[in-house]
Amino acid sequence: MLQVAFIRENKELIVERLAKRNINAVQMISDVITFDEDRRRLQAELDNTLAESNTLSKEIGNLFKSGEVEKANILKEKTSILKETSKDLSELLNSKTEALNELLYKIPNVPHADVPRGNSELDNEEIFKAGEIPKLHEGALPHWELAKKYDIIDFELGNKITGAGFPVYKGKGARLQRALIAYFLDKNTAAGYTEYQLPLLVNEASGFGTGQLPDKEGQMYHVTEDNLYLIPTAEVPGTNIFRDVVLSESELPVSITGYTPCFRREAGSYGAHVRGLNRLHQFDKVEIIRVEHPSKSYEALDGMIDHVKDILKELKLPYRILRLCGGDTSFASALTYDFEVFSTAQDRWLEISSVSNFETFQANRLKLRFKNSDGKNELAHTLNGSSLALPRVLAGILENYQTEEGIVVPEVLQPYTGFKIIN
């Protein structure tokens, strides 16, 4: 969440930037400042009351020692009144602090200056495109038909076992999926990311820490009896490793990667754009996460983008990069770039990665700090990116690499799969 001091000092800038998200934040920001002024006033009154009570307690002790019992008893009555006053002030302060925090939790991150205005994905800016779109043979199929033809993914069986959006990978389909996970992890660890195996369920504090709660509560599967949430991305458990942590400046940057299944209750409309692997409730993803010094985080963001570019270059998939507009940027992000691979059989672009800088937004919720060169605690910057989300990468491979003889496995994956073609 945003820091109150930052809001007080930059209210005009915040209102201007949040307008990029199509949010009129004038009243929200005004309320934050008012709540904070009330909170600080109550805190000052409470501090003064407690200080006066402590002073009187010392004086009462001295009076009893000197035998001035009557004076001491008079002051004791006054301290009783002060204790009641401090109790009332403390309750008011807690109430005001809770109201302030509830409001702060609802305010999204301030978009970076580079974020374009816009209402939806239609207003995102294409900033890069690479790779040749292959010319497919006559009768080329979309991936859900290829999956059935070669018996590598069974959507109907997943629907029987669980429901729509829970596919079953079989035979060479399962091996190709496993090969992609291993390849992505190897690429990430070779680039300096430390691999983690992470929990698939998180507690409420973790959801709040990274900004999924309360913003995306309706999209998360909730285990109500234990009040735990199935993760929508490895970003949540991975970033929460550093909740309530103070790093030394020399420990920065921190770079981690992890593979996890991910679970999302996304409600989708029917149609080709959500068929097959295009939108799932359970899917696999390999994530990269960084904790950075504030002065280095945008350099790190560029490095993460180059890293994903390198993976797609090796997979030889046609792709493009979009800078997301304010209306399509996630609640916690300051700046996000989406990677999309072109699906030749569907004749459309499929999102396969989002790479984001959250600046101090998550760190403030997480209380993730580092001790700077002056010996003071300072909020770190957090970043994360998909490297990569598997379903649409797999869809792109199946469709773009299909031939009349079968589906050719990208050369870089063949050492992982142990076969060159699915036929």
Could you check whether any side-chain N or O of [X] sits under 3.5 Å from a backbone N or O of [Y], counting only pairs where one atom can act as donor and the other as acceptor?
X: Arg175; Y: Thr417; answer: yes
X: Asp215; Y: Gly211; answer: no
X: Asp151; Y: Ile153; answer: no
X: Glu378; Y: Asn372; answer: no
X: Asn159; Y: Ala164; answer: yes
X: Gln362; Y: Thr210; answer: yes
X: Arg17; Y: Val110; answer: no
X: Arg264; Y: His281; answer: no

Residues in side chain to side chain contact (heavy atoms under 4.5 Å, CB included) with [X], at least two apart?
X: Ala130; value: Phe128, Tyr319
X: Leu100; value: Val4, Val32, Phe35, Asp36, Arg39, Leu104
X: Thr260; value: Leu198, Leu200, Ile231, Ala234, Cys262
X: Glu299; value: Lys296

Flag for [Y]-[X]: side-chain donor and acceptor within less than 3.5 Å:
X: Arg290; Y: Ser255; result: yes
X: Lys83; Y: Ser53; result: no
X: Ser330; Y: Ser333; result: no
X: Asn94; Y: Thr97; result: no
X: Asn203; Y: Asn227; result: no
X: Asn48; Y: Glu52; result: no
X: Glu251; Y: Ser248; result: yes

Side-chain donor-acceptor pairs of residues 404-413 under 3.5 Å, sequence neighbours excluded:
none

Please collect all salt bridge (Lys or Arg N to Asp or Glu O under 4.0 Å) contacts where either partner lies in [range], sequence neighbours excluded, each pair once.
range: residues 319-334; result: Glu125-Arg323, Glu126-Arg320, Arg320-Glu340
range: residues 222-244; result: none
range: residues 176-199; result: Lys187-Asp310, Lys187-Glu314
range: residues 98-116; result: none

*Sequence neighbours excluded, which residues qualify as salt bridge (Lys or Arg N to Asp or Glu O under 4.0 Å) partners of Glu45?*
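Per chain and number, Glu45 pairs via salt bridge (Lys or Arg N to Asp or Glu O under 4.0 Å) with Arg41.
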*For Gln402, enumerate each residue passing the side chain to side chain donor-acceptor pair (under 3.5 Å) test, keeping only those at least two apart in sequence or located in another chain.*
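Listed in chain order: nothing, the list is empty.
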*Applying ring pair (Phe, Tyr, Trp, His ring centres under 6.0 Å), which residue pairs with at least one partner in residues 352-383 are found, sequence neighbours left out?*
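Applying ring pair (Phe, Tyr, Trp, His ring centres under 6.0 Å) to every pair that reaches into residues 352-383, excluding sequence neighbours, yields His293-Phe370, Phe331-Phe361.
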